[in-house]
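So that we are looking at the same thing, I have put the structure below in structure tokens.
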Amino acid sequence: MRTVYLDGCATTRVDDEVLEAMLPYLRDEYGNPSSPHAMGKRARRAVDAAAESVARLIGADPGEIVFTSGATESNNIALLGVFAHGDAAPVNGVFCPTDHKSSLAVGQALAARGVETRTMRVHPSGQVDLGHLAGLLDLGTRVATAAWVNSEIGAVQPVRAMAALCHEAGALLHVDGAQAAGRVPVDVRGTELDTLSLSAHKIRGPKGVGALYVRQGIRHRLRPIMYGGGQHALRSGTVPTHLVVGLGRACELAAERRDAEWRRVLGLRATALDVLTAGFPGVRVNGDPDVSVPHVLNVVLPGVRGESLVSSLRSVALSTGSACNSGSQEPSYVLTAIGLAAEDANSSVRLCLDPRMPFEDLVAGVETVVERARALAGVALPAGVAPAGVEEVTPL
Ligand SMILES: *Cc1c(COP(=O)(O)O)cnc(C)c1O
């Protein structure tokens, strides 16, 4: 059975061109990029070229790119690394309540160590309340952090304005760009970010590799969180050439395709919304589509348990939110942070729209979702809508 994949915020399929670029470095060019011989030098050139591709996507210099195992590690280095100095005066960090666990859990670990953690306020749109943020920052603030694009509702943060507030207070701004790369224009200079996390597998690259952009002028404010031999001494360990090459190629493709994909996804989102509203009257969109990327559509289907819906579908892959939190009985903390009642949060599902998906597949997938949702909620078919041929209901 073919799967309609609506879970691209959790991960994506490796692009064929990315895979092709990687294969030579698994088969023949397996030298260590730190080795002095010709094989090592060829691997080094491939790693350097990948750093250039990553840098070009985000408007950085290649020397500001540190390769990591993914956005989780990048967030850890950026957020733990600024608190690694011995602190005489009390210090604090400012966190965004709708962020990915790989930032929020670092905050919890820091709090356990005695660092004060402060929490931004977010509007119902998911965007950070800038006035409130300004009041949280003071001379003790080492860093504030937020995801540029939220992974559950797609809200885009005003990172340029956030950076200005942070810098006024002498703090750094770290941005988790895992969902932003390839979707919104990312220009680390124009937006004056200090550090930025990227992940390859969110942009059709391989799992297990990512990058941390570290602005040249602030490198001295970060300490490594792991010790060993290399890479600007901020992240040691043998550089996995094939993965890094895959990340580089994925960044090149993301840069080439971003604008065309954005336009296509706008059409996909409008279509998905049409099918949802026709098939499930009462459906509501979470967040604010006007300040969100079109790739993420998070909706409340009143009367339906989101978890039951996603786990009962065989031919459609979608989720209730972040993959890291699914399985927990708690309502999504992202949705509750933007003001949803627990009942609505528990009745929400997230559809991630893949720019390359054929419209027919999207329509078939969303029709399957609404049919099942109606069955679960005991809602009758709206008048005039013919039942689609849907799959059997699998007992839970
Ligand atoms: C997926 C994701 C991460 C984690 O990235 P990994 O590379 O899987 O560690 C972090 N932040 C956001 C916003 C994400 O979507």
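All ligand and atom numbering here is 1-based and tracks the order in the structure. The analysis underlying the following values was restricted to heavy atoms, covering all of them including side chains, and did not include hydrogens, waters or symmetry mates. This structure is a prediction, so every number in the text was calculated from the model and none was measured.
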>> Applying a heavy-atom cut-off of 4.0 Å, say which part of Ala71 lies close to ligand 1: side chain, backbone, both or neither.
In response: both

> To the nearest 0.1 Å, how far is atom 7 (O) of ligand 1 from its closest protein heavy atom, and which atom is that?
Replying inline: Ser199 OG, 2.7 Å

> Where is the tightest heavy-atom contact between Ile58 and Leu198, given as atom of each residue plus distance?
Replying inline: CG2-CD1, 4.1 Å

> What atoms in ligand 1 come closer than 4.0 Å to a heavy atom of Asp176?
Replying inline: 10 (C), 11 (N), 12 (C), 13 (C)

> Should the heavy atoms of other residues, nucleotides or ligands under 6.0 Å from CD of Glu116 be counted, would the total exceed 12?
Replying inline: yes

> So is Ser102 close enough to ligand 1, meaning a heavy atom under 4.0 angstrom away?
Replying inline: yes

> Hey, which atoms in ligand 1 end up nearer than 4.0 Å to a heavy atom of His201?
Replying inline: 6 (P), 7 (O), 8 (O)

> If you take all heavy atoms of Ser292 and Arg269, which pair is closest and at what distance?
Replying inline: O-NH1, 4.1 Å

> Which atom pair, heavy atoms only, marks the closest approach of Ser332 to Leu335?
Replying inline: OG-N, 3.1 Å

> Does Asn75, backbone or side chain, put an N or O under 3.5 Å from an N or O of ligand 1?
Replying inline: no

> For Arg264 and Pro355, which heavy atoms make the closest approach, and how far apart are they?
Replying inline: NH1-O, 2.6 Å

> Which is it for His295 and Trp262 under the side chain to side chain contact (heavy atoms under 4.5 Å, CB included) test, yes or no, and what are the steps along the way?
Replying inline: CA-CA 8 Å; His295 309 67; Trp262 177 279; 3.8 Å; yes

>> Does any N or O of ligand 1 fall below 3.5 Å from an N or O anywhere on Glu73, backbone included?
In response: no

> Which atoms of ligand 1 sit under 4.0 Å from any heavy atom of Ser151?
Replying inline: 15 (O)

> Between Glu192 and Arg160, is there a side-chain N and carboxylate O pair less than 4.0 Å apart?
Replying inline: yes

> Backbone, side chain, both or neither: what part of Thr72 comes under 4.0 angstrom of ligand 1, heavy atoms only?
Replying inline: both

>> Under 3.5 Å between any N/O of Lys202 and any N/O of ligand 1: does that happen in this structure?
In response: yes

